[in-house]
Each structure stands twice: as C-alpha cells, then as structure tokens.
**Q** 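There's a structure below that I have some questions on.
Computed from a prediction, not measured in an experiment: that's the story for all the values here. Heads up: numbering here begins at 1 and tracks the sequence.
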Amino acid sequence: MEKSSKIGELKGIGAKTEQLFHNLGVYTIGDILLHYPKDYDRMPPITPLIEIPGLFDLKKKTDHLMYTEEETSSTIKQTCITAAIAARIQKIPYVRAAKNMQVTSLTLQEQEVKVDLVWFRMPYLKNTLKSGEWFIFLGKITRKGTIFHMEQPQVFSPEKYQSMQNCLWPCYALTAGLGKNKLSQTIRQALQTLDLSVDYLPEEIRERHGLAEYNYAMENIHFPENETALEQARKRLIFDEFFQFILSAGMQKEQMEEIVNDFEFLSLDTEELWADQVMSNLPYELTGAQKRTLLEIRKDLRGRKVMQRLVQGDVGSGKTIIAFLSMLDAAQSGYQSALMAPTEVLAMQHYQNFTQMCEAFSLPVPLVLLTGSLTAKEKRRAYERMQLYPNAMIVGTHALIQERAIYDNLALVVTDEQHRFGVKQRESLFLKGSQPHVLVMSATPIPRTLAIILYGDLDISVIDEVPAKRLPVKSCVVGKKSRNTSYEFLKKEFAKGHQAYIICPLVEDSEGLEAENVTDYAESLRAVLPPEIVVESLHGKMKSGRKNLIMEQFARNEIQALVSTTVIEVGVNVPNATVIMIEDAQRFGLAQLHQLRGRVGRGEDQSYCIMINTTDSEKAKKRLEILNQSNDGFFIAAEDLKLRGPGDFFGIRQSGLLEFRLGDIYQNADLLKQASQEANLILEEDRKLEAKEHRRLREHIQSYLTEQAEIVNL
C-alpha cells in the first residue's frame with residue numbers, strides 16, 4: 001500500500017467506519033498518520049484514597065468538595081477527577097443481576113472517605129479481587145448526590161502500574177462512533193503497512209540540525225517511548241512542515257516571476273477614478289499607512305509583473321477599505337475581482353458593506369455573493385452573474401475555488417485573513433482566472449523577519465497605524481468573584497444603547513471540563529439581565545444560515561448580548577459593540593485574545609475588554625497581564641513567546657497559522673529559521689529540484705502539493 005491508498009483498504013475498516021474517518025478529514029493512509037495526537041496522557045501517581053488531591057476536604061464530612069460556598073452550586077455537578085487509587089481489598093466484590101447484565105460492586109474506604117466502584121458485565125472480578133491484597137484502580141471519580149463513584153475502573157497490580165508510569169498515551173480528536181482504541185489500532189496498522197524507512201530529507205541536513213529519521217519521528221509522535229523521544233519526533237516533524245512549505249512557496253515564486261501582467265488598468269492620472277472619488281468623500285481620512293499601502297497596490301496592478309502582495313495590519317487598522325478600493329480599480333478598468341473570506345459570517349458582512357458603499361457613492365458595480373450555504377437556485381444565479389458581468393466584485397468563501405465557480409474576466413484575487421488559507425488555496429483561486437493579481441490580507445501580528453520567511457513568495461506592505469478617531473480599547477483582568485460587577489457594567493453599556501460580546505470556550509457542557517459554555521451561559525445571562533435585553537448564542541456547530549441570521553440581527557442591534565465561541569474572532573465589524581467579556585480567558589492564546597479584543601473599539605465610543613481569569617495560576621496571571629499593557633499585536637506576540645519559551649514543546653500550538661499541524665511560528669521560530677535557510681540553499685543551486693540528488697526531495701514536494709490541492713477540493 002501507498003500513502004495515497006484509501007483508508008478503507010486497511011484491515012477492519014468497513015464502509016461505515018471509513019465514513020467515520022472521513023468525518024475527521026481522514027481519507028487516505030497518509031492522512032491517518034498526519035492525524036497527530038492533540039495531547040498525551042500520563043498515568044496519574046498512585047494515591048491512597050484519603051490523599052487524592054482536589055477531591056475531598058477531610059476537615060469536612062465526606063459529602064463536601066473542596067470548593068467555596070459560592071462555587072459549589074455551579075461547579076459541583078461537573079466534578080470529575082481521574083485518579084489511581086491504591087487500596088487494600090477489605091471485602092470481596094458483590095455481584096448482582098440488573099437489566100440483563102451482571103453488575104460487580106466494590107466499596108473502598110479509608111477513615112471517613114468512601115468510594116463505590118462499579119463494573120458492568122465483569123463478574124469474574126469477584127475471583128480476581130481477593131480480600132487482603134493490594135490493587136491499583138484507575139478511573140474517573142464522579143459525585144452522585146452525596147456518594148462518590150468510579151465506573152469501569154481499570155485494575156492493575158502495583159508492580160504492573162509502576163512499570164507503566166513513564167509511558168505517554170496519545171489523545172486524539174475523535175468523532176461520534178469512533179473510539180480512541182479503534183483510532184490507535186488503525187494508526188499502528190498504518191505504521192506497520194507503510195515503508196517509511198526511505199527519508200526524503202538529505203542526510204546532511206538531518207545531521208546539521210540534529211533531526212531524527214522520518215520513520216522514528218512518525219512512530220514516536222503517535223506512540224512515544226518517553227518524553228525525550230516525543231521531543232525529538234516533534235522537532236523533526238515541525239522542521240518538515242516549515243521546510244516543505246517554504247520550499248514549495250519558493251518554487252511557486254519563481255513561476256510567478258515569469259508571468260507578465262497582461263491586464264490594462266486605468267492610469268492613476270485618470271481624472272475620475274472611482275476609488276479616488278470614494279476616498280475624497282469618506283467620513284474619515286485614510287491614515288498615512290493606508291495611503292502608502294494603497295499606492296503600492298495600485299502601482300503593482302499597473303506594473304510589468306503580476307502582483308503577489310501581502311498586506312499586514314493589526315486588528316482595526318483598516319485593511320478592508322484597502323481591499324474595496326483596489327477592487328474598485330479592477331471594476332472600473334473592466335475586470336472582475338474576487339474576495340475570499342475564511343467564514344460565511346465575514347463573507348456576508350463584506351458583501352453587505354461593499355453593496356452599501358456602491359449604493360452610497362452611486363457606483364455601477366455588480367456584486368455577487370457565493371458561499372456554501374446558498375441554495376442550489378441561489379448558487380446558479382451567482383454563477384450566471386459571474387458569467388454575465390465582466391467587471392463584477394465577487395465575495396465568498398471556499399466556494400469561490402470550487403469546480404463550478406467559473407470566472408469570465410478575473411483580474412484581482414483578495415484573500416482575507418491569510419493564516420486561514422495556504423499556498424495551494426491561493427494558487428487554486430489564481431488558476432481560476434487568467435493569472436490574476438493576488439492580494440493577501442492578514443491581521444496576524446507576525447514579526448517582519450518571520451513574515452519574510454513565511455511569505456517568501458509575496459511582497460509585503462504593513463499598515464502600522466490605526467484610524468485617528470478610534471480610541472484604544474480599555475482592558476482589565478478580573479477573577480470570577482468579579483463576575484457580578486461585570487454584569488452591572490454590561491447593564492450600564494446596554495442602557496447607553498450599546499451592545500456586547502460574551503465569549504465562552506465551550507459550545508455546551510462537557511463532563512470533566514470546568515469551563516463556561518455558550519449554551520448554559522446564555523440561559524443564565526437572560527436571568528441576570530433586564531427582560532428588554534435580547535440575549536442570543538452563536539457557535540460553530542450551528543448551520544450557516546442560522547449563524548448569518550444571528551449576526552445580521554446583532555449588526556442591526558436587534559440582539560444586544562451575543563454569547564459566542566471564537567467563531568466571531570475573525571473580522572466581524574459591529575461598531576456599536578463596546579464591550580467584550582471573555583470567560584475562562586486563561587484558556588485562550590494571547591494572539592487569539594488580541595483578535596477577540598479587536599471585535600470592539602471599531603466605532604467612536606470608548607470600548608472595553610473584560611477578561612475573566614478562573615484560575616489561581618501565577619503563569620496565567622502574567623500572560624493575561626500582557627494584554628493590559630498594550631494594544632499592539634506585535635508586542636503581545638513577542639511577550640507571549642518570552643513567557644512560553646521555545647522549549648515548551650508539549651503545549652497546544654496557539655497561532656493556528658497556515659496549514660501547519662504541529663508547528664507554531666512563535667514557539668518554534670528557531671526551527672522556522674533553520675528550515676528557511678536550508679530551503680533557500682537548495683533553491684539557490686537547484687530552483688526546480690532537477691538534480692539527481694534531489695529526486696526524492698522533488699517527489700516529496702510534488703506529493704505535498706498534491707495533498708494540499710486535494711485539501712482545497714475537499
């Protein structure tokens with residue numbers, strides 16, 4: 001079998017299970033190897049019953065947990081602690097019949113502390129768990145009323161458990177119907193089936209940077225021998241991600257540099273350019289950085305080569321108006337332009353804003369919206385308009401690069417929030433037209449040295465000013481005891497006619513996770529706020545039509561309090577929203593918190609960001625305090641890196657950039673620079689990888705680009 005073989009070709013994968021893997025984005029054997037663990041479990045330390053941390057307060061009766069009176073009512077039902085209990089059997093288990101099955105029960109007790117253990121369909125344990133012998137019971141302890149339970153705990157001898165304590169157990173993203181055991185078995189089978197011994201990376205590069213061989217890295221990313229092996233595996237695979245991305249981008253840049261600009265845009269000396277008319281009649285003046293960036297773009301559009309430019313600007317710096325003015329230049333010159341947004345909510349908002357501006361300035365520009373949630377009839381109408389109007393502005397999501405989307409006269413492509421799209425996505429949209437100009441917009445605060453590496457195929461413009469009338473967002477970090485005070489502040493803002501976002505990390509209640517969720521929070525907030533305040537919830541599991549409707553209602557101030565997950569993180573613009581309150585703020589990365597904070601402060605009124613820290617961790621307090629110090633995304637990213645440090649291998653990556661599965665450009669900046677140096681050395685001597693010694697490397701990069709193209713099509 002090959003990496004490209006379908007996942008269903010593995011033993012034990014039938015049609016139904018194959019579909020479950022598809023739900024995870026796994027279609028081939030190669031895909032399953034790239035379905036890396038999201039974290040690793042360590043076996044908890046062996047603990048006597050009376051010493052289990054965080055569960056019992058022995059100064060109180062056994063039916064109380066270690067929470068304050070204020071916390072108990074809201075969190076006690078969520079209590080779920082994984083523990084390895086060391087206990088000596090005092091009485092043999094009791095077996096009884098219940099609902100066509102046998103239930104085995106055992107009670108562990110030390111002093112006043114008692115836990116009931118229950119197993120289903122395992123009556124043989126009565127003979128295994130002998131009185132007077134010691135065992136280790138591993139499982140989750142939950143509270144039901146005043147009694148503590150552990151259901152289906154694993155049973156080990158003390159010697160066996162101690163031998164397992166140095167092991168790391170992978171935790172994968174799962175889907176309903178596909179358990180962790182089946183997923184692990186499938187990955188083991190894939191590792192055994194494929195020959196991974198041939199390494200595409202030249203040996204001298206591996207030696208220079210102390211990189212493990214590919215087969216060793218792949219085995220130990222999934223089933224690490226120990227933490228050292230896991231660290232080595234991650235280092236190699238992160239290097240690979242950066243290396244192949246930069247190498248492919250460099251190869252693409254050479255191809256792009258050979259393309260001549262065949263489009264004829266109206267001269268900048270033309271007296272009545274629509275973009276100039278709009279600029280002179282805007283209710284505000286563009287900043288110097290916006291004017292400079294727009295001039296660079298307009299010169300590119302009229303230059304000798306096809307434009308490939310990145311516009312980088314912090315949240316709220318005014319990138320969208322630059323995109324609109326650039327697209328106006330294309331429309332007036334008789335060409336189509338397309339703007340691809342990362343979410344339907346944002347695509348809809350861009351479409352509505354562009355429509356309003358064209359109407360306000362009486363501009364004869366046809367606009368087309370194309371998203372995945374449109375009905376078949378609406379999509380057909382959009383396709384017809386794309387063929388009918390040679391100077392249309394087309395706004396949409398990934399639907400813009402699907403097979404049925406055919407352009408008549410595409411000259412300019414704008415991708416909003418580049419970190420949501422990869423090189424291959426840009427190329428797919430590029431190939432939709434006659435080699436159009438490409439403009440990439442990003443609010444991600446990447447230091448210029450790293451941006452040059454990551455966007456080696458693009459010229460870079462930086463908008464480093466914010467509009468003059470916008471006041472800096474005032475931020476504060478408070479504890480959960482200040483939640484009621486925060487609610488009173490919200491009421492005052494609502495009384496002024498303003499709106500607010502409330503962000504929760506979870507969609508719904510999750511057993512074992514003590515974090516606020518959108519579903520329950522919206523209900524509790526309705527009970528706290530006056531009845532005239534409309535509270536609504538928004539999250540990624542909703543259908544696109546529902547999400548769009550809610551955002552439209554929020555934009556019209558028909559909803560005053562929007563309880564949401566981070567689905568509103570990117571680009572949503574509601575100037576009347578003046579407060580964003582982020583629950584469990586310590587659970588988010590600083591870059592993400594900065595993006596969320598950027599949803600307010602978009603009008604002329606003073607705006608506020610309230611971050612509720614629900615932990616006592618000093619590290620969390622230090623991280624969140626960075627956001628109090630500055631509204632500068634570049635400063636925040638740099639300070640976050642200092643706190644986390646490049647050696648923090650086992651944290652979940654927080655930047656979410658590009659198509660990297662493991663790599664974090666801040667946390668792994670050293671590896672990024674090393675990979676860039678090696679890729680550039682190879683490209684300098686063999687730009688197209690035609691040399692014999694680069695055969696394996698060329699085949700690997702071709703395979704990588706094919707995989708990226710397939711991801712786009714999916």
**Q** Using the ring of each side chain (for Trp, its six-membered ring), is His437 parallel, tilted or perpendicular to Phe265, with breaks at 30° and 60°?
**A** perpendicular
**Q** Once the angle between the rings of Phe489 and Tyr608 is folded into 0 to 90°, is it parallel (under 30°), tilted (30 to 60°) or perpendicular (over 60°)?
**A** perpendicular
**Q** Is there a donor-acceptor pair under 3.5 Å between the side chain of Glu241 and the backbone N or O of Leu662?
**A** yes
**Q** Is it true that Arg526 and Glu523 make a salt bridge, defined as a side-chain N closer than 4.0 Å to a carboxylate O?
**A** yes
**Q** Is the ring pair Tyr501/Phe554 parallel, tilted or perpendicular, if the boundaries are 30 and 60 degrees?
**A** tilted
**Q** Can you find a heavy atom in the side chain of Lys474 that is under 4.5 Å from one in the side chain of Gln606?
**A** yes
**Q** Who passes salt bridge (Lys or Arg N to Asp or Glu O under 4.0 Å) against Lys496, sequence neighbours left out?
**A** Glu493
**Q** Can you tell me how far SG of Cys476 sits from CG of Leu624, rounded to the nearest 0.5 angstrom?
**A** 11.0 Å
**Q** How would you list all residue pairs meeting salt bridge (charged side-chain N to carboxylate O under 4.0 Å, His left out) that involve residues 277-290, not counting sequence neighbours?
**A** Glu285-Lys291
**Q** When you measure from the side chain of Gln336 to the backbone N and O of Ala331, does any donor-acceptor pair fall under 3.5 Å?
**A** no
**Q** Would you compute the distance between atom CG of Asn576 and atom CG of Asn557 and round it to the nearest 0.5 angstrom?
**A** 5.0 Å
**Q** Run the side-chain contact (heavy atoms from CB on, under 4.5 Å) check on Tyr521 and Ile503 step by step: do they pass?
**A** CA-CA 10 Å; Tyr521 201 103; Ile503 307 301; over 6 Å; no
**Q** Is there a side-chain contact between Ser486 and Val478 in this structure, where contact means two heavy atoms from C-beta onward sitting under 4.5 Å apart?
**A** yes
**Q** Assess, by modelled atom type and distance only, whether the side chains of Thr578 and Asp605 contain a donor and an acceptor separated by less than 3.5 Å.
**A** no
**Q** Given side chains that start at C-beta, do those of Asn668 and Phe242 come closer than 4.5 Å, heavy atoms only?
**A** yes
**Q** Mind checking side chain to side chain donor-acceptor pair (under 3.5 Å) for Glu625 and listing every partner two or more places apart, or none if nothing turns up?
**A** Asn628
**Q** Under 3.5 Å, is there a donor-acceptor pair between the side chain of Gln349 and the main chain of Asn573?
**A** yes
**Q** Using the test side-chain contact (heavy atoms from CB on, under 4.5 Å), find all partners of Thr355 that sit at least two apart in sequence or belong to another chain.
**A** Tyr351, Glu359, Leu367
**Q** Please lay out, stage by stage, how Ile297 and Leu295 fare under the test side-chain contact (heavy atoms from CB on, under 4.5 Å).
**A** CA-CA 5 Å; Ile297 293 168; Leu295 182 60; over 6 Å; no
**Q** Would you indicate whether the side-chain heavy atoms of Met340 and Thr397 approach each other to under 4.5 Å?
**A** no
**Q** Could you tell me if Ser442 and Gln312 have a donor-acceptor pair between their side chains, going purely by distance under 3.5 Å?
**A** no
**Q** Which heavy atom of Val534 sits nearest to which heavy atom of Gln560, and what is that distance?
**A** N-OE1, 2.8 Å
**Q** Taking side chain to side chain donor-acceptor pair (under 3.5 Å) as the definition, give me every residue that meets it alongside Lys491, ordered by chain and number, with sequence neighbours left out.
**A** Glu488
**Q** Looking at Lys305 and Asp300, is any side-chain nitrogen of the basic one under 4.0 Å from a carboxylate oxygen of the acidic one?
**A** no
**Q** For the backbone of Gln244 and the side chain of Ser248, can you confirm whether one donor and one acceptor N or O come within less than 3.5 Å of each other?
**A** yes
**Q** Is it true that atom NZ of Lys621 has more than 12 heavy atoms of other residues, nucleotides or ligands lying nearer than 6.0 Å?
**A** yes
**Q** Would you mind reporting whether Ile394 and Leu400 have side-chain heavy atoms less than 4.5 Å apart?
**A** yes
**Q** Can you confirm whether Leu369 sits close enough to Met348 that some side-chain heavy atom of one is under 4.5 Å from a side-chain heavy atom of the other?
**A** yes
**Q** Can you name the residues that form a salt bridge (Lys or Arg N to Asp or Glu O under 4.0 Å) with Asp632, not counting sequence neighbours?
**A** none
**Q** What residues, two or more places apart in sequence or in another chain, satisfy salt bridge (Lys or Arg N to Asp or Glu O under 4.0 Å) together with Asp464?
**A** Arg292
**Q** Search all heavy atoms of Gly372 against all heavy atoms of Ala399 and return the closest pair with its distance.
**A** N-CB, 4.0 Å
**Q** Please name the pair of heavy atoms, one in Cys504 and one in Val563, separated by the smallest distance, quoted to 0.1 Å.
**A** SG-CG1, 4.1 Å
**Q** Please examine the side chains of Val518 and Leu506, heavy atoms only from C-beta on, and report whether any two atoms are closer than 4.5 Å.
**A** no
**Q** Under 3.5 Å, side chain of Gln290 to main-chain N/O of Thr287, donor-acceptor pair present?
**A** yes
**Q** Could you tell me which non-hydrogen atom of Leu562 sits nearest to which non-hydrogen atom of Met551, and how far apart they are?
**A** CD2-SD, 3.8 Å
**Q** According to salt bridge (charged side-chain N to carboxylate O under 4.0 Å, His left out), does anything in residues 339-355 pair up with another residue at least two apart or in another chain? List the pairs.
**A** none
**Q** Show your reasoning for whether side-chain contact (heavy atoms from CB on, under 4.5 Å) applies to Leu439 and Val311.
**A** CA-CA 7 Å; Leu439 182 63; Val311 174; 3.6 Å; yes
**Q** Any chance you could measure Ser482, atom OG, to Asn613, atom CG, to the nearest 0.5 Å?
**A** 11.0 Å
**Q** Applying side-chain contact (heavy atoms from CB on, under 4.5 Å), name anything that partners Asp276, two or more places apart in sequence or on another chain.
**A** Leu273, Met279, Arg298
**Q** Would you call Ile610 and Ile580 a side-chain contact if the rule is heavy atoms closer than 4.5 Å?
**A** no
**Q** Any chance you could lay out the side-chain contact (heavy atoms from CB on, under 4.5 Å) test for Leu538 and Thr565, step after step, and finish with the verdict?
**A** CA-CA 7 Å; Leu538 181 73; Thr565 58; over 6 Å; no
**Q** Please name the pair of heavy atoms, one in Pro436 and one in Leu410, separated by the smallest distance, quoted to 0.1 Å.
**A** CB-O, 3.6 Å
**Q** For the atom pair CG (Leu627) and SG (Cys609), what is the distance rounded to the nearest 0.5 Å?
**A** 7.0 Å
**Q** Applying salt bridge (Lys or Arg N to Asp or Glu O under 4.0 Å), can you list everything that pairs with Lys673, at least two apart in sequence or on another chain?
**A** none
**Q** Return yes if some donor-acceptor pair links the side-chain N/O of Asp314 with the main-chain N/O of Ser317 below 3.5 Å, else return no.
**A** no
**Q** Rounded to the nearest 0.5 Å, what separates atom CG in Leu301 from atom CZ in Arg309?
**A** 9.5 Å
**Q** Would you call Glu583 and Arg483 a salt bridge, taking side-chain N to carboxylate O under 4.0 Å as the test?
**A** yes
**Q** Looking at Ala289 and Glu465, what are the two nearest heavy atoms and their distance?
**A** N-OE2, 2.9 Å
**Q** I'd like to check the side-chain contact (heavy atoms from CB on, under 4.5 Å) partners of Ser617; sequence neighbours left out, ordered by chain and number.
**A** Thr615, Lys619, Ala620
**Q** From Leu596 CG over to Leu593 CG, what is the distance, rounded to the nearest 0.5 angstrom?
**A** 6.0 Å
**Q** Which residues pass the side-chain contact (heavy atoms from CB on, under 4.5 Å) test with Asn631, not counting sequence neighbours?
**A** Pro472, Val473, Arg597
